[in-house]
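Protein chains get the first letters and strands the later ones, always in sequence-line order, with residue 1 at the start of each.
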Amino acid sequence: MSNIFQSYKTKVDGILGGMAANGDLPADLDMSRVKVEPPKDVSHGDMATNAAMVLAKAAGKNPRQLGEAIVAKMQAMPEIKEASVAGPGFVNFRLADSEWMETMRTILTEGVHYGDSALGKGEKVNIEYVSANPTGPMHAGHTRGAVIGDALANLLQKAGYDVTKEYYFNDAGTQVDVLARTTHLRYREALGEDIGDIPEGLYPGEYLKEVGEALVKRDGDKWRGKDEAEWLVPVREFAVNFMMGVIKKDLELIGITHEVFSNEREMVEDGTLETAFRTLTDKGLIYQGTLPPPKGKEMEDWEPVELTLFRSSNFGDSSDRPLKKRDGTWAYIMPDIAYHYNKIQRGYKWMINVLGKDHHGYEERIRPAIAALAGEDKDIRLNVVYCGMVKLFKNGEPVKLSKRAGNIITLREIVEEVGPGAVRFFMLSRTPDSELDFDFAKVVEQSKDNPVFYVQYAHARCCSVLRNGAEMFPKADLSPEALAKADLARLSTPEELQLIRFMAGWPRFVEAAAEAHEPHRVATWLHDMASEFHAFWNKGRDVGALRFLHEDDEALSLARMALVKSVATAIASGLAVMGVTPLEELHG
RNA sequence: GCGCCCGUAGCUCAACUGGAUAGAGUGUUGGCCUCCGAAGCCAAAGGUUGUGGGUUCGAAUCCCGCCGGGCGCACCA
């Protein structure tokens with residue numbers, strides 16, 4: 001819970017407040033744009049504030065003049081080593097070394113919780129991801145959204161939100177009926193019938209064979225030769241349960257466990273759907289009417305028909321939406337609306353959906369309904385994180401996929417080939433909405449152009465130093481608590497301080513990534529962290545004095561080991577957000 | 001036709017929500033292992049951030065117009 005930039009922001013606010021009190025600044029100044037950040041170029045200093053530039057105009061002063069006044073105040077503070085105005089009016093300043101040592105102690109004390117933030121103030125947030133319908137195992141296409149959703153959930157948790165990981169599946173539509181029919185066919189096959197090719201319109205994948213076999217095991221030939229009307233419901237229920245079991249096991253392979261599973265059938269049966277519909281009706285947002293034909297699309301058989309419509313155009317939608325089909329049954333968006341109604345009822349004001357980019361239309365259909373249901377409560381909000389497609393490559397060649405032909409690449413296959421950590425890290429290495437090339441060869445490659453390896457290598461090197469240190473100083477206590485008490489003042493070289501400064505930036509990254517809903521930033525930070533460490537390591541090859549361990553100087557060695565342990569901890573903290581286990585040794 | 005997203009080094013991508021000289025990896029060129037893991041490091045080279053305007057102390061980032069690419073637009077899920 002300690003962000004050194006945050007605490008210096010507070011100090012800067014204090015300086016500005018003092019100046020306002022003295023009349024050096026207008027009293028009612030808008031200070032919301034004042035920031036304290038690391039300067040882009042480390043040679044400028046440890047931190048910089050834009051206060052002078054942002055406030056100059058309103059204060060009626062020029063930025064540099066105002067900057068000098070701020071510098072003067074800073075120079076009187078013992079924790080600030082030096083301060084100066086630069087460029088267009090940045091105030092750059094350096095902290096006393098002791099401030100950085102304190103940061104290191106924080107890292108060692110907090111462990112993987114280093115970087116935890118109170119940003120979210122414990123607000124409840126519901127993050128829904130994966131949500132694949134139970135018609136087949138997890139495949140490559142699901143993996144990205146699954147990993148991004150999971151890492152985002154971890155990230156928000158670290159940033160101080162009360163996160164619920166949720167999965168919604170549709171078990172009442174035509175898809176699961178197709179599942180039931182295909183299962184029944186596989187069931188007959190398992191009973192010894194020759195079923196020939198899977199007919200058009202059913203699921204061709206081999207994976208349903210085991211479902212058919214399992215059904216035989218449970219029910220024998222009970223459903224053979226019976227009318228569909230008799231077996232559809234029980235077979236459907238059996239197949240849905242079976243496939244959800246398969247999906248949960250698949251997700252476990254990459255460390256994903258949802259806390260809540262919601263489904264359509266329950267919402268129909270417990271009346272949530274009716275209640276949601278009645279709520280909209282009571283608000284006067286439901287009417288009988290006819291829609292104009294859809295634009296920009298060839299509609300040969302379109303004819304006007306009166307339907308039950310929702311006035312979604314009141315909430316920014318381009319047109320009203322039918323909630324019932326002409327036969328009176330619910331249109332497909334109604335269960336989705338009911339599901340979001342259900343989330344609101346459960347007390348969530350913030351909902352996040354992680355979807356594939358191809359589901360873009362979903363948002364504009366669901367958002368008006370949420371706005372309608374939220375009514376006066378402006379805190380209720382929905383964010384949709386879109387995930388770009390993943391292109392699979394093997395040996396540099398794109399892997400052609402066709403779901404229709406049933407030759408999908410499953411999540412299981414991917415994990416078995418490259419391991420869960422590599423899958424997760426790679427899927428998280430780009431902005432969520434960008435396309436991603438996933439090359440099997442590259443992901444397992446052990447070189448620096450593989451970010452997974454590069455980061456793990458840095459962590460393993462840290463562990464290696466600590467192992468060697470334990471051997472060199474067998475009597476020394478190398479626990480984090482003990483290392484935190486080492487004589488850290490021995491760390492005084494620019495290289496060491498640079499490493500510490502970089503680690504000190506981690507809490508900022510956590511907050512920024514959480515606010516942007518961009519877990520990939522953690523991957524970027526980890527790569528840079530590893531790079532800093534590798535660079536420092538190699539300096540020790542050139543300059544012996546910079547090596548971590550010195551047999552004749554235990555105090556220095558302990559201080560350096562504290563530094564190394566901090567780096568390992570910071571890396572572990574980042575990897576934890578990504579759901580990747582840090583490695584202590586590399587093999588191969 | 002309407003809506004959303006994207007366009008950054010030869011290639012794949014970053015850029016901490018408006019900051020200072022736009023950065024990594026790869027590829028090219030040259031250096032560093034009697035030394036804690038060279039699976040690594042250092043250096044050189046590579047750019048009018050698609051394009052034209054606007055907003056301001058300051059723009060890859062925000063606004064508008066073009067150009068180019070992707071996705072979505074049913075009572076289907």
**Study point:** Aromatic centroids of A:His44 and A:Phe90 separated by under 6.0 Å
**Key:** no
Check your understanding: Looking at the side chain of A:Phe509, which of B:rC16, B:rA38, B:rC36 is the nearest nucleotide?
Key -> B:rC16
Check your understanding: A:His360 has a side chain; which of B:rG72, B:rA38, B:rC36 sits nearest to it?
Key -> B:rG72
Reckon [X] has a side-chain N or O less than 4.0 Å from the OP1 or OP2 of [N]?
| X | N | value |
| --- | --- | --- |
| A:Trp537 | B:rA38 | yes |
| A:Asn538 | B:rC35 | no |
| A:Arg541 | B:rA38 | yes |
| A:Lys57 | B:rC57 | yes |
| A:Thr431 | B:rC13 | no |
| A:Lys325 | B:rC76 | yes |

Starting from [atom2] on [N], measure out to [atom1] on [X] and report it in whole angstrom.
| X | N | atom1 | atom2 | value |
| --- | --- | --- | --- | --- |
| A:Asp336 | B:rC76 | CG | C1' | 13 Å |
| A:Leu66 | B:rC57 | CG | C1' | 13 Å |
| A:Arg461 | B:rC33 | CZ | C1' | 11 Å |
| A:Gln288 | B:rC75 | CD | C1' | 13 Å |
| A:Leu291 | B:rC76 | CG | P | 12 Å |
| A:Leu546 | B:rC42 | CG | P | 14 Å |
| A:Leu355 | B:rC5 | CG | P | 15 Å |
| A:Leu428 | B:rC13 | CG | C1' | 15 Å |

Could you tell me how far [M] sits from [N] if I compare only their [atom1] atoms? Round to whole Å.
| N | M | atom1 | answer |
| --- | --- | --- | --- |
| B:rG46 | B:rG30 | C1' | 16 Å |
| B:rU28 | B:rU21 | C1' | 24 Å |
| B:rG3 | B:rG54 | C1' | 24 Å |
| B:rC11 | B:rG19 | P | 27 Å |
| B:rG70 | B:rU48 | C1' | 26 Å |
| B:rG31 | B:rC71 | P | 47 Å |
| B:rG23 | B:rC16 | P | 13 Å |
| B:rC6 | B:rG68 | C1' | 11 Å |

Would you mind classifying the nucleic acid contact of [X] as base, sugar-phosphate or nothing, using non-hydrogen atoms under 4.0 angstrom?
| X | value |
| --- | --- |
| A:Pro63 | nothing |
| A:Arg365 | base |
| A:Thr174 | sugar-phosphate |
| A:Ala516 | base |
| A:Thr524 | sugar-phosphate |
| A:Glu511 | nothing |
| A:Ala460 | base |

Point to revise | Side chain A:Arg508 and base B:rC16 donor-acceptor under 3.5 Å | key: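 Yes, a donor-acceptor pair under 3.5 Å.
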Review point. Ignoring hydrogens and angles, are the base of B:rC75 and the side chain of A:Arg326 linked by a donor-acceptor pair under 3.5 Å?
Key: yes
Check your understanding: Which atom names give the shortest non-hydrogen contact between A:Glu445 and A:Asn450, and what distance separates them?
Key -> O-ND2, 2.7 Å
Study note, to complete from the structure: For A:Pro519 and A:Ala151, the nearest pair of non-hydrogen atoms, with its separation, is CB-CB, 3.9 Å
For [N], give its Watson-Crick or G-U wobble partner with both distances under 3.5 Å, or none.
| N | result |
| --- | --- |
| B:rA43 | B:rU29 |
| B:rG65 | B:rU51 |
| B:rA24 | B:rU12 |
| B:rC2 | B:rG72 |
| B:rC36 | none |

Point to revise | Chi-angle category of B:rC33 [syn within 90° of 0, anti beyond] | key: syn
Within 45° of the ring axis of [Y] and under 6.0 Å from its six-membered ring centre, is that where the NZ or CZ of [X] lies?
| X | Y | result |
| --- | --- | --- |
| A:Lys324 | A:Phe277 | yes |
| A:Arg311 | A:Tyr287 | yes |
| A:Lys394 | A:Phe440 | yes |

Review point. Parallel, tilted or perpendicular for A:Phe548 and A:Phe536, by the 30°/60° rule?
Key: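 Perpendicular: the ring planes of A:Phe548 and A:Phe536 meet at over 60°.
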Review point. Parallel, tilted or perpendicular: which describes the rings of A:His527 and A:Tyr454, with under 30° parallel and over 60° perpendicular?
Key: parallel
Practice item. Assign each of A:Phe548 and A:Glu435 to its nearest nucleotide of RNA chain B by heavy atoms, then name whichever residue's nucleotide is nearer the 5' end. Key: A:Glu435
Point to revise | Electrostatic pair A:Glu68:A:Lys61 at N-O distance under 4.0 angstrom | key: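 So A:Glu68 does not pair with A:Lys61 through a salt bridge.
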Practice item. Look at A:Arg430 together with A:Glu435 and state whether they make a salt bridge at an N to O cut-off of under 4.0 Å. Key: no
Check your understanding: Which letters describe nucleotides 18-29 of chain B, given B = protein heavy atom under 4.0 Å from base, S = only from sugar-phosphate, - = neither?
Key -> -BB---SSS---
Point to revise | Residues A:Glu306 and A:Thr290: side-chain donor-acceptor under 3.5 angstrom | key: no
